[in-house]
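Each chain gets a letter, A, B and so on, in the order its sequence line appears, and its residues count up from 1.
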2 protein chains.
Amino acid sequence: MAQKPSIPKGTRDFGPEEMAKRNYIFNTIKDVYALYGFQQIETPAMETLQTLMGKYGEEGDKLLFKILNSGDYLSKISDEELHERNSLHLAASLCEKGLRYDLTVPFARYVVMHRDELQLPFKRYQIQSVWRADRPQKGRYREFYQCDADIVGSDSLLNEIELMQIVDTVFTQFGIKVQIKINNRKILAGIAEIIGEPDKIVDITVAIDKLDKIGLDHVNAELKANGISDEAIEKLQPIISLEGSNGAKLNVIAGVLQGSETGLKGIEEIKFILDTLQSTGLNNEIQLDLTLARGLNYYTGAIFEVKALDTSIGSITGGGRYDNLTGIFGMPGLSGVGISFGADRIYDVLNTLNLYPKEATNATQVLFINFGEKETTYCLPFVSQLRKAGIRTELFPDKAKMKKQMGYANAKHIPFVVLAGENEMNEGKLTLKDMQTGEQTLVTIEELTTTVLK
Amino acid sequence: MAQKPSIPKGTRDFGPEEMAKRNYIFNTIKDVYALYGFQQIETPAMETLQTLMGKYGEEGDKLLFKILNSGDYLSKISDEELHERNSLHLAASLCEKGLRYDLTVPFARYVVMHRDELQLPFKRYQIQSVWRADRPQKGRYREFYQCDADIVGSDSLLNEIELMQIVDTVFTQFGIKVQIKINNRKILAGIAEIIGEPDKIVDITVAIDKLDKIGLDHVNAELKANGISDEAIEKLQPIISLEGSNGAKLNVIAGVLQGSETGLKGIEEIKFILDTLQSTGLNNEIQLDLTLARGLNYYTGAIFEVKALDTSIGSITGGGRYDNLTGIFGMPGLSGVGISFGADRIYDVLNTLNLYPKEATNATQVLFINFGEKETTYCLPFVSQLRKAGIRTELFPDKAKMKKQMGYANAKHIPFVVLAGENEMNEGKLTLKDMQTGEQTLVTIEELTTTVLK
């Protein structure tokens with residue numbers, strides 16, 4: 001009995017055209033990473049649950065795809081344990097492995113396991129799938145690619161600068177205009193310190209972020225509602241209404257943060273990054289944004305985010321500096337900084353703005369029509385010759401109706417079709433049809449090669 | 001408390017050098033596939049168990065990695081079912097999804113689900129990981145890549161011919177000398193038919209395969225032990241002692257198979273393939289081998305296998321023609337033919353024979369030494385200029401000791417190092433050190449670019 005096949009929800013098949021586009025995205029990012037000296041690694045799809053659990057918060061643990069132990073997985077489980085029906089607890093006995101949830105934890109695990117082979121600073125990139133048992137919805141999948149680059153083992157701000165250059169180069173190559181936003185955890189910590197509310201960093205940034213939408217009075221009301229004192233709110237006023245150039249903003253913040261060593265350090269870092277980038281030159285605008293917080297508990301220095309300007313798709317790249325990535329695996333004191341390109345969202349932006357270069361989606365360049373065995377025998381050496389010249393060439397395998405063969409060429413967007421019958425065979429030539437103009441020309445194989453390569 | 005991290009047994013991390021080599025292998029194969037008009041697809045790592053189960057035999061079902069259902073996976077399981085402790089039965093309730101076991105079944109599922117979008121014949125390639133809960137051992141992993149190309153929807157033998165040309169081209173590019181072996185299921189069926197033992201094809205091919213090792217008498221004894229009649233063994237003699245050129249072998253077999261329509265059809269197919277390949281020319285030898293059976297139940301026409309000649313690693317590529325790939329998913333009558341390159345074994349062969357081209361493992365081309373902030377500011381525009389010229393360039397991020405920075409260049413096999421201090425800054429130049437010769441030259445950025453690109 002035939003089954004009607006399906007795929008698990010939240011997963012996708014990628015057909016030839018989608019793959020060509022995705023390869024264009026991945027290859028562009030890879031080439032830029034390599035241009036900056038990053039080297040690729042790959043880690044297994046499965047990691048031990050010991051490696052994965054407890055790294056993504058309680059919610060994250062639930063979203064891990066766990067793999068049932070092989071063989072007689074029940075043999076070590078007691079009747080009591082089965083009977084308890086504690087899903088989470090039992091899962092730990094049923095499963096030892098899970099699918100990777102991001103590329104950062106496997107990378108940390110990799111660095112610790114391979115510490116003796118690695119030359120620090122280690123600049124690695126990694127482009128692989130991750131899996132999350134999230135509720136699928138538009139633009140959110142249970143299997144998706146991440147494209148991460150990180151440098152570990154260097155505190156230098158030159159790394160932050162290079163990552164911003166990489167972002168700028170990649171999006172320039174894609175033809176996507178972006179705004180790069182930058183912030184620094186130390187500035188946020190300084191602000192919280194100065195107003196005497198070190199635990200309220202998140203509430204403050206969330207409230208500030210709403211200024212455009214709800215206005216100053218409502219922002220202040222929200223801060224008050226979150227338990228922030230009148231005095232602290234008073235001190236926050238210049239920061240909430242922050243406007244103007246990056247330099248002007250930094251001056252205002254520096255005034256507020258005079259008493260905070262951490263805060264001033266953050267300002268110094270951002271200033272160095274922005275000044276250096278200004279002197280080397282970026283194609284896209286980079287803007288200081290104090291409301292940028294992205295996984296605040298994680299980042300310890302710079303925080304970045306990239307938004308596409310001509311669409312409403314939101315963040316398409318993000319990253320920042322973190323300390324002690326590998327501490328959890330017994331290797332403390334290693335600082336790192338990284339970025340992650342959101343390939344699925346970039347794909348959507350490129351589609352929306354129709355920015356794929358023509359070459360990216362081109363596959364076969366020449367199709368030889370099959371008129372039967374005699375004609376095929378005549379064509380085969382020419383087919384080989386074109387392939388040797390690097391031209392992607394097909395010979396239709398079956399002697400099908402002309403309409404079907406031409407339909408095949410059209411469906412695959414093949415730009416040139418070759419026809420060879422009695423006439424061509426007598427003259428030792430081929431008829432080349434340009435599928436765009438419809439023009440047909442009797443040519444030698446050399447002329448054909450030249451035309452296609454042009 | 002720090003955990004000592006590990007990875008699941010049978011899985012591997014791939015570091016930068018291994019990745020560079022693997023990319024070289026995958027890119028070579030991809031480019032050749034594309035040259036022949038194959039297009040890439042990707043399918044999800046997870047498939048429904050309905051798609052996977054029952055496709056790889058009973059043993060295969062056990063080797064599937066199954067994924068525990070998310071959320072409260074116990075809620076639909078009765079106490080009775082838990083208590084039964086039937087591992088296999090309970091797994092079907094605990095899990096709905098599994099990791100893909102090969103690329104063929106997902107491809108069949110893909111073809112059926114996307115039948116309306118596909119232009120037949122459909123030439124696809126797919127390079128993705130597969131997972132098997134096999135006992136790990138040397139050269140056998142629980143996660144490994146397959147590199148498959150298949151054409152479905154065409155019965156033409158031109159497809160078999162193209163696959164052989166692909167094999168020949170790929171291994172020529174790798175510099176691996178191979179022997180391509182070809183057989184045809186129809187010939188084997190014809191032999192079994194003629195000797196009146198249609199069920200004994202496998203026994204017969206296994207016995208014939210031992211001729212070199214155990215000699216004719218022992219082969220005949222083994223056939224007899226397998227219940228094959230004296231008369232049948234007598235008829236098999238010319239086939240067991242088959243020697244000489246492909247043509248000579250085909251003549252002998254044709255004599256034996258006179259009464260079998262199927263057998264003669266097989267001979268005709270092989271003859272057409274071999275004759276055509278001879279006229280177009282292969283770099284590697286192709287040999288008719290009647291003992292080649294590879295998953296006999298699966299293949300219905302041509303069967304191929306490729307062995308590397310200068311190592312003892314065995315089969316590195318295989319494939320064949322199959323019918324009714326998609327029948328199990330409700331789409332009967334679709335014939336296909338495909339090959340699969342064994343990337344892990346090719347990797348081993350290239351390592352053993354040291355055949356990687358130098359470019360394949362090269363990463364960064366130029367490293368700028370970091371002498372401090374002033375020197376860095378001087379170097380940054382040059383670094384950008386080299387990257388714009390497509391040269392993979394790094395600036396060491398920290399002002400570390402010279403020895404450490406040179407050690408970094410050596411460890412990463414970076415061929416050129418740039419030094420710029422007081423002198424160079426005064427002259428607007430750079431000192432370029434060739435790491436192979438040790439030679440240092442004072443150059444302009446233009447001279448540097450030319451030297452590196454040379």
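Ranked by heavy-atom pairs under 4.5 Å with chain B, the first of H83(A), K399(A), R85(A) is R85(A).
Neither the backbone nor the side chain of I151(B) comes within contact range of chain A, judged by heavy atoms closer than 4.5 Å. Heavy atoms of D31(B) lying under 4.5 Å from chain A are absent altogether. For A45(B), the parts lying under 4.5 angstrom from a heavy atom of chain A are both the backbone and the side chain. Proximity to chain A (any heavy atom under 4.5 Å) is shown, for E18(B), by neither the backbone nor the side chain. In this structure, the portion of F122(B) lying under 4.5 Å from any heavy atom of chain A is its side chain and not its backbone. Proximity to chain A (any heavy atom under 4.5 Å) is restricted, for E143(B), to the side chain, taken from C-beta onward. With a 4.5 Å cut-off on non-hydrogen atoms, I41(B) touches chain A through its backbone and its side chain both. Using a 4.5 Å cut-off between heavy atoms, L99(B) touches chain A through its side chain atoms alone. Proximity to chain A involves both the backbone and the side chain of T43(B), based on heavy atoms less than 4.5 angstrom apart. The parts of S6(B) that come within reach of chain A are both its backbone and its side chain, each placing non-hydrogen atoms under 4.5 angstrom from that chain. Looking at Q165(B), only its side chain comes within 4.5 Å of chain A, counting heavy atoms on both sides. Within the 4.5 angstrom heavy-atom criterion, no atom of T169(B) approaches chain A. Using a 4.5 Å cut-off between heavy atoms, S129(B) does not touch chain A at all. Residue contact with chain A, scored on non-hydrogen atoms closer than 4.5 Å, involves the backbone and the side chain of T48(B) alike.
Both tests do not hold together for R142(A) against F65(A): distance to the six-membered ring centre under 6.0 Å, angle to the ring axis within 45°. Cation-pi check for R392(B) over Y36(A) is not met; the charged atom does not lie both under 6.0 angstrom from the ring centroid and within 45 degrees of its normal. For the pair R124(B) and F38(B), the cation does not sit on the ring face, since its NZ or CZ is not both under 6.0 Å from the ring centre and inside 45° of the axis.
Ring geometry for W131(A) versus W131(B): interplanar angle over 60°, hence perpendicular rather than tilted (30 to 60°). Between F382(B) and Y378(B), the ring planes lie perpendicular to each other; the angle is over 60°, past the 30° to 60° tilted range. Classified by interplanar angle (parallel below 30°, tilted 30° to 60°, perpendicular above 60°), the ring pair Y125(A)/Y33(A) is tilted.
Counting non-hydrogen atoms of neighbouring residues, nucleotides and ligands closer than 6.0 angstrom, the NE2 atom of H89(A) reaches no more than 12 such neighbours. With a 6.0 Å radius and a threshold of 12 heavy atoms from other residues, nucleotides or ligands, E373(B) has its CD atom at or below the threshold.
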